[in-house]
Peer 1: 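Handing you a structure now.
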Amino acid sequence: MNKFFAVPLMLIFILSLTSCNSNDYNIYFTADDEFMSEIEIYNSLHENIISSEFNDSLEKYMYSYEKKEVGFSWSELKSLTISDLGKWKLTGEVAKEDTIILQKCFKYLYPGYQYYGGDKIFDEAFFGIIEKIDTSDVIELGQLLNLYREYLNFVKDGHIYFNNQPLNKSTAVYFSEEYFYKDDKGFFEITDGEVKYINSINDEADFHELIKRTIDKDGKLAYCISINGDMDKKVTVKIKYENNDQKEITLKYHVPKQAEGSSCTVDSSGGITKVCVTSFDESRMNQNSRDNFLRSADIMAGSNISILDLRGNMGGHYITLKQWMANYDNELTDTVYGKKELFLDSIALRCFTCYSDMQERTNWFIEQKLWIEKNISINKWHINSHKYPKEMTGNNGLLFILIDKETASVSERLVLSLLNKRNVIIVGTPSAGRIHGDYGNFPIYLKNSGLELRLPNSMTFFYNDNMGREGEGVIPDIWCYGDSLEAVNNLISYYNIK
């Protein structure tokens, strides 16, 4: 070979090897320098979250049953599958009977029993419930349900339902209407042209937990005060300034978006791809919505700017979601399942499932299966681990994800999965925090009260970090009191994002 061609060819070979790295990518969008710096802050924050190895040994959350331990009589298990209207008033003895069965349900049918404290914590809780029941001869159904909620509120699993209502009530998110800004000196507010630096909030000099990144009315990045609180409560904070001025402000409750039906719309007007999907429930998602959503993956992957609106999306099933992720970024296909899943495979759960199947149909196969479970099977646990990329995957475009308190379950898992991709910004309020579990295959009925109980079949774990905690939800990068879609559009305009 001519020596004059050898060096250029070698350079081309080296460059071609370098370009094979999946994290080498071109950024197609442009924006003002201030915003591009902000993007790198979010990339760094997300990278810290996803790189935190999940080191917890799930074995410590596996309750140690005896191999053949069932926990119920066969008649008790069968009664859990029979729906009855029950009574709105119960004697104390009958209420205690339901309560004892409920405790068994948590112990033998729920995979999170040991995770949330095991025998010691649950025994104390149910002892407290029975003590309360013993204080009167008769208890109303609503009172009994309130006792269950009060004494079992340490179980933060958002997929546990009584009569189609979550065990734990959702907290509300409250925001200041005032906007604050920051420079090298600290946080400040501009009032009638006067700059006033904040000295303390609620008499705390370290108030950083209360200050959240937000978008002001012009689209400029700013800060607000935000606090979680009970629904329908007046929430106030006291601000003291360095000039000795002080004021008390009332925070405003953020009303989450109520999604109606199940639809997916895709709008690519104005150079921005906007995808709004209101549910992943396969029984409610019609074919047109499913096709729209799957088609949106390729459109978003090729767009400079995309907005994925998951506000009000309470979740559903994985089937369509996994297909969408495979189209959008196939390196992230399995990330929607979490890093690890823990499954309970107890005799009681398998027999309960057989009895539930018999409510729909009775056939020889189910009867034989039930006989095997009763006479041969043993209690087991299963752990599934899923493949995650070693580093964040590249992203040519910019993706905004909109969430609120009604973004739940599978929708939250989608957001946690997309943290593995660069140039992603989460906007809105903390999500519902229903991430660990699932809705369960069958309802469980307490025969005296007629209460319907739903318990998850599995527990899912993502990261060793504050992001995605059960009961707390996915934490946004940018908090937003009003319409987050309008705020993002203003942001795009203000920072000349194209």
Peer 1: Which residues pass the side-chain contact (heavy atoms from CB on, under 4.5 Å) test with Asn164, sequence neighbours left out?
Peer 2: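 For Asn164, the residues satisfying side-chain contact (heavy atoms from CB on, under 4.5 Å) (neighbours in sequence not counted) are Tyr439, Glu452.
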
Peer 1: Is the number of heavy atoms from other residues, nucleotides or ligands under 6.0 Å of Lys78 NZ greater than 12?
Peer 2: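 No - once you tally the heavy atoms of other residues, nucleotides and ligands closer than 6.0 Å, there are 12 at most.
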
Peer 1: Can you name the one residue among Phe462, Tyr61, Phe461, Tyr110 that meets ring pair (Phe, Tyr, Trp, His ring centres under 6.0 Å) with His436?
Peer 2: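 One option only clears the test, and that one is Phe461.
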
Peer 1: Is it true that Lys369 and Asp357 have a side-chain N and a carboxylate O under 4.0 angstrom from each other?
Peer 2: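 Result for this pair is no, no salt bridge flagged.
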
Peer 1: Which pairs, with at least one residue in residues 373-404 and sequence neighbours excluded, count as a ring-ring contact (aromatic ring centres under 6.0 Å, His included)?
Peer 2: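 Found Tyr337-His386.
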
Peer 1: Taking only residues two or more places apart in sequence or in another chain, which ones pass salt bridge (charged side-chain N to carboxylate O under 4.0 Å, His left out) with Lys120?
Peer 2: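 Here the qualifying residues are Glu124.
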
Peer 1: Only counting residues at least two apart or in another chain, list the ones meeting side-chain contact (heavy atoms from CB on, under 4.5 Å) with Asp119.
Peer 2: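 Listed in chain order: Tyr63, Lys107, Tyr113, Asp123.
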
Peer 1: With sequence neighbours excluded, tell me which residues meet salt bridge (charged side-chain N to carboxylate O under 4.0 Å, His left out) with Asp230.
Peer 2: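 Here no residue qualifies.
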
Peer 1: Show the numbers, then the answer: is there a ring pair (Phe, Tyr, Trp, His ring centres under 6.0 Å) between Phe280 and Phe293?
Peer 2: CA-CA 10 Å; Phe280 294 117; Phe293 182 60; 5.2 Å; yes

Peer 1: Would you call Arg350 and Glu373 a salt bridge, taking side-chain N to carboxylate O under 4.0 Å as the test?
Peer 2: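 The answer is yes: the pair qualifies as a salt bridge.
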
Peer 1: Assess Lys421 against Tyr328: is NZ or CZ under 6.0 Å from the centre of the six-membered ring, and within 45 degrees of the ring's axis?
Peer 2: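 Flagged: Lys421 positioned over aromatic ring of Tyr328.
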
Peer 1: Using salt bridge (charged side-chain N to carboxylate O under 4.0 Å, His left out) as the criterion, list what pairs up with Lys169, not counting sequence neighbours.
Peer 2: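 Partners of Lys169 by the salt bridge (charged side-chain N to carboxylate O under 4.0 Å, His left out) criterion come out as none, since no residue qualifies.
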
